[in-house]
Protein chains: 2
Amino acid sequence: MATPLRKTPSKSDRKREVILAAALELFSRSGVDGASLDRVAERADVSKTNLIYYYPSKDALYAAVLNNVLSLWLVPLEAIDRANSPQEAIATYIRQKITFSRDHADASRLFCFEILYGAPVLGGRLRDRLQPVMDEKAAVFAHWIASGQMAAVDPYQFLYSLWATTQHFADFASQIEALSRRTLDDPAFFEESVAHVTALFLARIRP
Amino acid sequence: MATPLRKTPSKSDRKREVILAAALELFSRSGVDGASLDRVAERADVSKTNLIYYYPSKDALYAAVLNNVLSLWLVPLEAIDRANSPQEAIATYIRQKITFSRDHADASRLFCFEILYGAPVLGGRLRDRLQPVMDEKAAVFAHWIASGQMAAVDPYQFLYSLWATTQHFADFASQIEALSRRTLDDPAFFEESVAHVTALFLARIRP
DNA sequence: ATGAAACTAGACCAGTTGGTCCGGTAATTG
DNA sequence: CAATTACCGGACCAACTGGTCTAGTTTCAT
């Protein structure tokens, strides 16, 4: 709340980040219940007491991590701009989301965990933070459709499908790896994936 | 293994099913670590000792549930038949998968959990059971493409996208509900969803 | 009927969990 | 300088976990 504004991150700020990173790492691999505070503290190289000093409870820590994740998650969506052509905007969005799946797979997985749990923590935030952005972007789609730049689609369903296909590369990476023995870290597979998903959605909106 | 073959399910068979159902319900809501054997036993209305009698450990129980889920999960995929047109086959597949997301959302979520965990239990099974079916269906796609019935796509990527979009309705139901305030149980939303996903994929494969 | 095998419950246990308490040190501020 | 505040670690704890042990009861083929 009333965190004093500083230019240089204070020592405690850095420590908070280290803890958050450790928590993200462990929570995203084992779920909240599967990861103990002991392990998080160990990973962050602080004592458990110290961890509890910064985040008074496991729930608080989990909520903090999740809010971070949600902010990250929103960035590409917010960038969708009606000034661009839908083709361009969607292609860019897909690339950004798949890049996110590659570079922040743990964040994506944690988000997925939370939704699977029934969004107990993020539920409200989805309505407060995501919903408005989503409605705004739905309006952008409506504009594009009305001006004949893209075929008519339900913007909400369209976004759901976009999220599903792009996040799948992070959340179901284990499955993809078991079946295709390939990872997004392989640049060829990364580009293939971007190309495939892009083609899928652009074919749909061709006017 | 050597379960005696009976026509009518024995009492113990029924009990096993009750336990499996309870375990699926709880595991799919809270993850394996989040659900205790006590709770599962309570839900299945048996004593914990009794539960342990049928499934000697939590891991064994989890594995049993998961194998059940995988079998269910495979059914629609196995039904894809080269004798049909790709348009028909894919439309049917999508409808079946979204139906599965509606009627077996818990199974879908548990599957998702397992993949998020890194597929520790199912990993081998994915290669043993899913991989062959997938390769077989990839060949069917190749046949359709070669015979000019559908546009060229990477069959594996295509299947990943199909899975992603259809399972999304189960796994991310909380999010969809928070944003759209609608459920697959609403027949109108169900049909909208089927129509949307079908249109998305059929547009892509139009020759 | 009877012996074996399947089945069941309650008491119990050792390990782990999230979290507290206490006692102290470093850094700020008056 | 004094004193308040922020920060930190180790011992500790009650609750819960997966799982065992014991001591029975039911089922069923012979």
Side-chain angles (χ1 to χ4, degrees), chain A residues 1-20 22-27 29-66 110 113-114 117 120-121, chain B residues 1-20 22-27 29-66 110 113-114 117 120-121:
Chain A
M1 308 289 116
T3 49
L5 296 169
R6 303 202 192 198
K7 36 202 82 171
T8 79
S10 71
K11 194 179 167 187
S12 79
D13 285 343
R14 263 180 285 124
K15 213 160 183 176
R16 276 197 149 77
E17 272 174 40
V18 172
I19 293 174
L20 281 183
L24 172 57
E25 200 179 320
L26 295 186
F27 287 169
R29 259 186 236 298
S30 328
V32 213
D33 298 299
S36 70
L37 289 182
D38 280 295
R39 301 278 299 271
V40 174
E42 186 188 345
R43 191 92 183 87
D45 205 36
V46 296
S47 71
K48 190 170 64 160
T49 316
N50 201 191
L51 191 163
I52 287 289
Y53 174 77
Y54 286 104
Y55 296 96
S57 74
K58 198 185 195 184
D59 285 346
L61 175 60
Y62 177 57
V65 180
L66 263 184
L110 187 69
F113 265 117
E114 164 71 5
Y117 290 139
V121 175
Chain B
M1 304 289 112
T3 47
L5 296 170
R6 305 203 189 195
K7 36 202 83 174
T8 77
S10 72
K11 194 178 167 188
S12 79
D13 285 342
R14 263 181 285 123
K15 213 159 185 177
R16 276 197 148 78
E17 273 173 40
V18 171
I19 292 174
L20 281 182
L24 172 57
E25 199 179 320
L26 295 186
F27 288 169
R29 260 187 234 299
S30 328
V32 212
D33 297 300
S36 70
L37 289 182
D38 280 295
R39 300 278 299 270
V40 174
E42 187 189 343
R43 191 92 183 88
D45 205 36
V46 297
S47 71
K48 190 170 64 161
T49 317
N50 201 191
L51 191 163
I52 288 288
Y53 174 77
Y54 287 104
Y55 297 95
S57 73
K58 198 186 194 182
D59 285 345
L61 175 59
Y62 177 57
V65 180
L66 220 44
L110 188 69
F113 264 116
E114 164 71 4
Y117 290 139
V121 174

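Order of the sequence lines sets the chain letters (A, B, ...), proteins ahead of strands, with each chain counted from 1. Quantities reported herein were computed from a predicted structural model and do not represent experimental measurements.
Rounded to an integer number of Å, the gap from OH of A:Y55 to P of C:dG19 is 15 Å. Distance, B:D45 CG to C:dT8 C1': 13 Å, rounded to whole Å. For the pair A:K15 NZ and D:dA6 P, the computed distance is 16 Å after rounding to whole Å. In this entry the distance linking OH of A:Y62 with P of C:dG18 reads 14 Å, nearest Å. One interatomic measurement links the two molecules: CG of B:N50 to C1' of C:dC7, which rounds to 7 Å at whole-angstrom precision.
Remark: A:L51 CG to A:K15 NZ distance equals 10.0 Å, nearest 0.5 Å. We find the CD-CG distance between A:E114 and A:L66 to be 4.5 Å, quoted to the nearest 0.5 Å.
For D:dC8, neither phosphate oxygen OP1 nor OP2 lies less than 4.0 angstrom from any side-chain nitrogen or oxygen of A:Y53. Using a 4.0 Å cut-off, some side-chain N or O of A:Y54 falls inside it from OP1 or OP2 of D:dC8.
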At under 4.0 Å between heavy atoms, how does the protein contact nucleotides 14-21 of chain D? Give one character per nucleotide, 5' to 3', with B, S or -.
---SBB-B
Can you check side chain to side chain contact (heavy atoms under 4.5 Å, CB included) on A:I52 and A:L37, steps first, answer last?
CA-CA 9 Å; A:I52 287 289; A:L37 289 182; 3.9 Å; yes
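Minimum interatomic distance between A:A35 and A:S30 (heavy atoms only, all atoms of both residues): N-CB, 4.1 Å. Listed here is the closest heavy atom pair of A:D33 and B:G34: OD2-CA, 3.5 Å.
Between A:Y117 and B:F113, the ring planes lie tilted relative to each other; the angle falls in the 30° to 60° range.
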